[in-house]
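First comes the structure, then the notes that go with it.
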Amino acid sequence: MKDNLLALLESAVARLQADGTLPGDLTPKIQVTTTKDASHGDFACNLAMMLAKPAGQPPRAVAELLIAALPDDPTVNKVEIAGPGFMNFYMAQAAQSEIVRTILDLGDTFGRSQSGAGEKVQVEFVSANPTGPLHVGHGRGAAVGDCLCRLLEATGWQVTREFYYNDAGAQIDNLALSVQARCLGHGPDHESWPADGYRGDYIKDVADDYMAGKKVDAADHHVIGAADPDDLDAIRHFAVAYLRREQDLDLRAFGVVFDVYFLESGLYQADKVDEAVQRLVEQDHAYEADGALWLRTTEFGDDKDRVMRKKSGGYTYFVPDVAYHLDKWQRGFKRVINEQGADHHSTITRVRAGLQGLDMGIPQGWPEYVLHQMVTVMRGGEEVKISKRAGSYVTLQDLIEEVGRDATRYFLAARRTDSQLTFDIDLARSRTNDNPVFYIQYAHARVCSVMRQLEEKNLDHDPAQGNLHLDRLDSEHESRLIKRLAQYPELVEAAARNLEPHNLAHYLRELANDFHSYYNAEQFIVEDDELRAARVNLILATRQVLRNGLDLLGVSAPESM
RNA sequence: GCGCCCGUAGCUCAGCUGGAUAGAGCGCUGCCCUCCGGAGGCAGAGGUCAGGGGUUCGAAUCCCUUCGGGCGCGCCA
């Protein structure tokens, strides 16, 4: 509907330009918005106000000219000029009927588009190091990242989900030492405990399995415990595999699956890090000072230069990151999105600077970043900080066990990523309309329940017959609901384009609200066969959109609750 | 001190990239089941959009500034 109006307005502008009423060199960005208030019609356009100045006429006069130049269209009932110069469009009943018909027709594909044109995009998210269980912050990353992927897929992109982790650095050495200490029966308070050792109880679980010679099957690791407390190398391999497996189990329970696991050690094995550094030196973006090798990141907007190779010889953390992103580029991803916690935002400048310094034609703003702010968890009005297992933070597993996958995913994805998130466990667990997840799922289950009622009453529903009588859907609740359904495709499009999954969550709440209102106001199973068929088609269309939207969030759509 | 993010109803948050009288949910007050699931619906009260400037037909939205809060500012990762 909206697209059609845009086309009509474009041709009106063209017509006025042709006869000289409007300057010919204008290419106005025409905006059509759905109205908040039914007294403003179905759609509103502010074009006349934008053209007032170049046209040299008051907005309302321009609006009159535009309306006169508008081609006839059967879906438009009337156009009014209102307020300072808005053009309000009232749509014909036929346009509304068409929406219901289209939704039922397209089913699962309603709301999907091809705007990504099958282009490749890689989304890297979670990327936790295998040194412990995933915590709430990773959970937010997983929920947001996966929802982004689903949105991109729904809009025609070919998505690769990637998980990057460090399996060889100082943190991993520390992990191995911690497990070793546990193998020897030492706890965190023992005098020989490593200085910055991982103190959580899970380290003991790793040690026990290692000593028992158990087998670990992770997505990209298969290891048997060597049971030798002196073999630090074997301990390291086992611990990494063990914790990767734990993370995979958490992610699977969360409904998130990755296509690629990328190991930092692979970069070193293939000399990718040295090659990248070499290239930066050759391109004259690096220099030696104080016994270290520096990258001139100030050339690319950083406030000071950064060390690449330390005096002691090793690379600083962002150097392999540059090599890693070069590898992504070389794999042919013209578009890469990194979803990360905002606490790492300072790396963005460095990684991009490194990539620019390579001078290999990588665009300045590449890769894109989506950063999420911190999560705090509340229970009983108090902040929850400790998990027994992990020691120092609330784990994703804790949340999934306590409130379930659906609520966890919804709550973690339902907020703008750039504001801090308070996860209220009591709210997420509640089964009333305080809780948007259950409210939305309940709307879906309610439609299913009506369908069951129809069957019990031996009233066969024929969608084709319903489609013939959609013009009977003329109540206020019905047109409101239909208008909401019509917004879904552009909402998905915008959420994907702006990388803002939370919009989807809010939309679904509003859709459910419209449905529940309708449910209370009108009876669907009525005597009148034609009216009944039409109304059932409308609630089936509603169910379809609820289902499609929940699927993009990775939340289930239960038939009964 | 510098950089990034945030500040909207008592609370938790939206606000479609500058539009009409700033919206939801919770909480509060009062209503609605001879009816498809009351796990629901309707109505009311509640606002200096943190404060102050600016940009223009028009600002919660863009710019400047002040004040609050979070996160970063290492030859740690």
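Only this structure's heavy atoms are used, side chains among them; waters, hydrogens and symmetry mates stay out.
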Query raised in the report: How close or far is atom P of B/G74 from atom NZ of A/Lys311, stated in whole angstroms?
Result: 16 Å
Query raised in the report: Are A/Asp290 and A/Lys311 close enough for a salt bridge, meaning some N to O gap below 4.0 Å?
Result: no
**Report entry** Nearest-angstrom distance from the residue atom CG of A/Asn435 to P of B/U12
**Finding:** 17 Å
Report summary line: Answer for the Watson-Crick or wobble partner of B/C73, both distances under 3.5 Å, is B/G1
Report task. Just say parallel, tilted or perpendicular for the rings of A/Tyr519 and A/Phe515, cut-offs at 30° and 60°. Result -> tilted
Requested in this report: Figure out the CZ/P separation between A/Arg416 and B/U8, and round it to whole Å.
Outcome: 11 Å
Query raised in the report: With sugar-phosphate meaning primed atoms plus P, OP1 and OP2, does A/Asn129 contact a base, only sugar-phosphate, or nothing at under 4.0 Å between heavy atoms?
Result: sugar-phosphate
Query raised in the report: Base, sugar-phosphate alone, or nothing: which one does A/Arg509 contact when heavy atoms must sit under 4.0 Å apart?
Result: sugar-phosphate
Query raised in the report: So what does A/Asn498 touch, heavy atoms closer than 4.0 Å: a base, only the sugar-phosphate, or nothing?
Result: base
Query raised in the report: Is A/Lys457 paired with A/Asp460 through a side-chain N to carboxylate O contact shorter than 4.0 Å?
Result: no
**Report entry** Side-chain N or O of A/Lys310 closer than 4.0 Å to phosphate OP1/OP2 of B/C76
**Finding:** yes
Query raised in the report: Nearest-Å distance, CG (A/Asp418) to C1' (B/U17)?
Result: 13 Å
Query raised in the report: Has A/Thr316 got a side-chain N or O lying under 4.0 Å from the OP1 or OP2 atom of B/A77?
Result: no
Report task. Please state how far atom CZ in A/Phe43 lies from atom C1' in B/A20, giving the value in whole angstrom units. Result -> 17 Å
Query - Residues, nucleotides or ligands: over 12 heavy atoms within 6.0 Å of A/Glu476 CD - result: no
Report summary line: Ranking B/G40, B/G70, B/G72 by distance to the side chain of A/Ser346, first place goes to B/G72
Requested in this report: Select base, sugar-phosphate, or nothing to describe what A/Asn88 touches, counting heavy atoms under 4.0 Å on all strands.
Outcome: base
Report task. For the residue pair A/Tyr165 and A/Tyr261, categorise the inter-ring angle as parallel (less than 30°), tilted (30 to 60°) or perpendicular (more than 60°). Result -> perpendicular
**Report entry** Which nucleotide in B/G74, B/A77, B/G15 has an atom nearest any side-chain atom of A/Lys304
**Finding:** B/G74
Report summary line: Testing B/G38, B/G19, B/G3 for proximity to the side chain of A/His345, the answer is B/G3
Query raised in the report: Think A/Lys53 has a side-chain N or O under 4.0 angstrom from the OP1 or OP2 of B/C57?
Result: yes
Requested in this report: Could you measure between the two P atoms, the one in B/G74 and the one in B/C2, and give it in whole Å?
Outcome: 16 Å
Query - Value in whole Å for how far the C1' atom of B/U34 lies from CD of A/Gln523 - result: 12 Å
Query - Per A/Arg446 side chain, nearest of listed nucleotides B/A14, B/G40, B/C71 - result: B/G40
Report task. Answer with base, sugar-phosphate or nothing: what part of the nucleic acid does A/Glu522 contact at a heavy-atom distance below 4.0 Å? Result -> base
Query raised in the report: If we call it a pair only when both distances are under 3.5 Å in a Watson-Crick or G-U wobble match, what pairs with B/C11?
Result: B/G25
**Report entry** Integer-rounded Å distance: B/C13 P and A/Tyr410 OH
**Finding:** 13 Å
